[in-house]
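Structure record follows, encoded as structure tokens.
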Amino acid sequence: MNTWIPSPMAAAARSAIKTLNYLLADSDRTRRRTSRRHCTVATTDNCENLISRLSSIAKRFPKPFSPPPPPPGAKPWRPRPYHYHALMKAFSRAGHPDEVLRLLREMKESGCKPNLLCYTTAIHSLVISNRPCDAQALFQEMLMNGVQPDAASFTILVKLFPFHLKHFDSACIFLGCMVKSGSNPDVVTYSTLIAGLCRAGLVDDAWRMFEKMLEWKCTPNAHTYTPIIQLYCSRGGIRLARRILDHMHDDGIPPDAVAYNVFVQALCQARKFEQVETLLRESDEKGWKPDGVTYNTYINGLCKAGRVEAAFDQLEAMLDKGLHPTSVTLSILLNSLCKESKVVQVMWLLERSSLLGWFIGTDGYNTMMSRLCESGQWVAALKLFADMVKKGVCPDTQSFNIVINSLCKGGKLGIAKCMLRSWGFIADSVTYNILYCAFQTAGRIDEFHDLFSNMDVSLDTVTYNIEIDYLCRKGRYSEAVYFLRSLEDRFSPVVVAHLTHGLVKGGKLGEVLSLFRDMLSRGLVIDYCIFDSLIRAFCQKGSCGSMRIYKLGVILDIMLQIS
DNA sequence: GTAGGGTTAG
């Protein structure tokens, strides 16, 4: 069997090996020091004897191999907290929070007390893996174990704001807790808080936090302003965003490429390409350097507006500036060409890719296969997959998912099952969701559960939405509500939005009201995406009768906390 | 031998 490792796994392995090398080198140094102290000089004769003895003893080693005991008097090597921390960081960066938690458990069991860094890294890995409840529990455990948090560990918790604490008041209470425990919030803490408030759409709260920051004599930087610019841009407030950029210059905090990239994205969405040109032309004067992301954003904007030729001009401009196109650039261009069915140009790009110094890799193939699959050309997508393997381009989990999706679309569930079991492929939540939908539609749920019974796949909000859709479609509304309440992150806005949409379609307004009242009584804010979803559901249902509109008004009043 | 923040495609 091939032991193919998908690229994210390979990155994780590389990262862990890098860290392991340090551990091995350290253990090597300890071994050399002890051997210098305890070993006598070996002659050729007794060397042969030793080798012969070792080989006979080795046969008796239990499997897996256990290291021999250290020479008498030598201190056994034990990993220190910073060794564990290095490994935990590697696993966290590779997106494996469970491995991080396993290491933390191992530390405690071996009597090595986790320090602040270890706890901080473990909490961070849970936060970035969207496990807010586990993160908060671990923070509590850290406090219980007498480990005092500092500004960095508090700041990590701030990322939970989009999940739980979407109030300015809560943010202030949080800052109060920090100060009380002896760690003053710094520019990173304030910037993260502002980003959280902006993500929740609370621009006024974000500005109030900004003022609070100034009151505390904390100087903002480009990180502080960027989420506010982003929020204005997402609401079409291009003028306001530009005023902030100008203000930053006046205030001696010149915007960097990231801040300008957010603005370029907004200009592209508004199709104000002349303004993007001016911005790029004046970049030297304004003291910023457009980077790969700037050009990718611009090229993407031009492609979406159907100006593929202009996009290729920008590709040349990018090369002129010494910026190397990345897999993202290629993905944008291929995506656009596939959408426009410009097969000749796709071939042109494929043929010249090596001349441009590009390698059409997994991302490029994935983009093309996705487009083909979306446009119903699933056989062509499968052919492309075969071509990819033939050319020695290593498929990743996404490639397999596209192929499995193509097979499902073509009704080939049996072959899709074989793909799942082949090539050492490791399924992820996307694979699970694709097959769950397909088997659900085919009425073969039991077969699906058998298929995944031995696989460890972490489910995501898409999976929950599929389950909720299924229950609502079958008219099992109470079960759908019960399912939501059984989830760890039970009031995730995206899932609540999905359920309320299903409930409105089914006329179950009482259930919607009860859910909102419960959320509000827990101090949660009803996210704008729930508003969007509800309004869409009422519109789709054609609820224009006066009684229904009245009920909608009641629901909106509760959501806005008017009544 | 050390943790924390803002951007682009699909």
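In what follows, chains are A, B, ... by sequence order, proteins preceding strands, each numbered from 1. What you see below is based on every heavy atom in this structure, not just the backbone, and it leaves out hydrogens, waters and symmetry mates.
- Residues A/N433 and A/N465 have side chains not in contact (no heavy-atom distance under 4.5 Å, counting atoms from C-beta outward).
- The nearest whole Å value for the distance from the CG atom in A/D428 to the P atom in B/dG10 is 19 Å.
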Distance-only donor-acceptor hits, side chain of residues 310-320 of chain A, under 3.5 Å, sequence neighbours excluded:
unit_1 : atom_1 : unit_2 : atom_2 : d
A/Q314 : NE2    : A/E277 : OE2    : 3.1

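- The separation between A/L315 atom CG and B/dT8 atom C1' is 15 Å, rounded to whole Å.
- Checked against side-chain hydrogen bond (donor to acceptor under 3.5 Å, both in side chains), A/Y232 has the following partners two or more places apart in sequence or in another chain: A/W207.
- Between the C1' atom of B/dA9 and the CG atom of A/D291 lies a distance of 15 Å, rounded to the nearest Å.
- Under the 30°/60° scheme for interplanar angles, the aromatic rings of A/Y260 and A/H249 are found to be tilted.
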*asked:* Does A/D205 form a salt bridge (charged side-chain N to carboxylate O under 4.0 Å, His left out) with A/R208? I'd like the steps, not just the answer.
replied: CA-CA 5 Å; A/D205 287 346; A/R208 280 206 289 274; 2.5 Å; yes
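- Heavy-atom distances under 4.0 Å link DNA chain B to A/D150, A/A151, A/A152 of residues 137-153 of chain A, given in residue order.
- Put simply, CG on A/N261 and CD on A/Q265 are 9.5 Å apart, with the number rounded to the nearest 0.5 Å.
- Under 4.0 angstrom from either OP1 or OP2 of B/dG4 there lies no side-chain N or O belonging to A/K159.
- In this structure a side-chain-to-backbone donor-acceptor pair under 3.5 Å is missing from A/S336 to A/I332.
- Between A/E99 and A/R102, at least one side-chain N (NZ, or NE/NH1/NH2) sits under 4.0 Å from a carboxylate O, which counts as a salt bridge.
- A/N221 comes within 4.0 angstrom of a nucleotide base, judged by non-hydrogen atoms across all strands.
- Looking at residues 293-300 of chain A, you'll see A/V293, A/N296, A/T297, A/N300 sit with a heavy atom under 4.0 Å from some atom of DNA chain B.
- The distance from atom OH of A/Y84 to atom C1' of B/dG1 is 17 Å, rounded to the nearest whole Å.
- Rounded to a whole Å, the CG atom of A/L231 is 12 Å from the P atom of B/dT7.
- As rounded to whole Å, 17 Å separates atom C1' of B/dG5 from atom CZ of A/F154.
- A donor and an acceptor atom sit less than 3.5 Å apart, one in the side chain of A/T155 and one in the base of B/dG4.
- Residue A/L116 has its side chain nearest to B/dA3 when only B/dA3, B/dA9, B/dG6 are considered.
- Within residues 237-270 of chain A, the residues approaching DNA chain B are A/D256, A/V258, A/A259, A/N261, A/V262, by heavy-atom distance under 4.0 Å.
- Side-chain to base pairing of A/D186 with B/dG4: one donor and one acceptor N or O lie within less than 3.5 Å of each other.
- With A/K409 contributing its side chain and A/C373 its backbone, the two residues share a donor-acceptor pair below 3.5 Å.
- Residues A/Y295 and A/T329 form no side-chain contact, since every pair of their non-hydrogen atoms from C-beta on lies 4.5 Å or further apart.
- Comparing B/dG5, B/dG10, B/dA3 against the side chain of A/H223 picks out B/dG5 as the nearest.
- With hydrogens and angles ignored, no donor-acceptor pair closer than 3.5 Å exists between the side chain of A/T189 and the base of B/dG5.
- Straight-line distance from the CD atom of A/Q398 to the C1' atom of B/dA9: 10 Å, rounded to whole Å.
- Formation of a donor-acceptor pair under 3.5 Å by the A/N401 side chain with backbone atoms of A/I404 is not found in this model.
- In this structure, the side-chain hydrogen bond (donor to acceptor under 3.5 Å, both in side chains) partners of A/Y119, at least two apart in sequence or on a different chain, are A/E141, A/N145.
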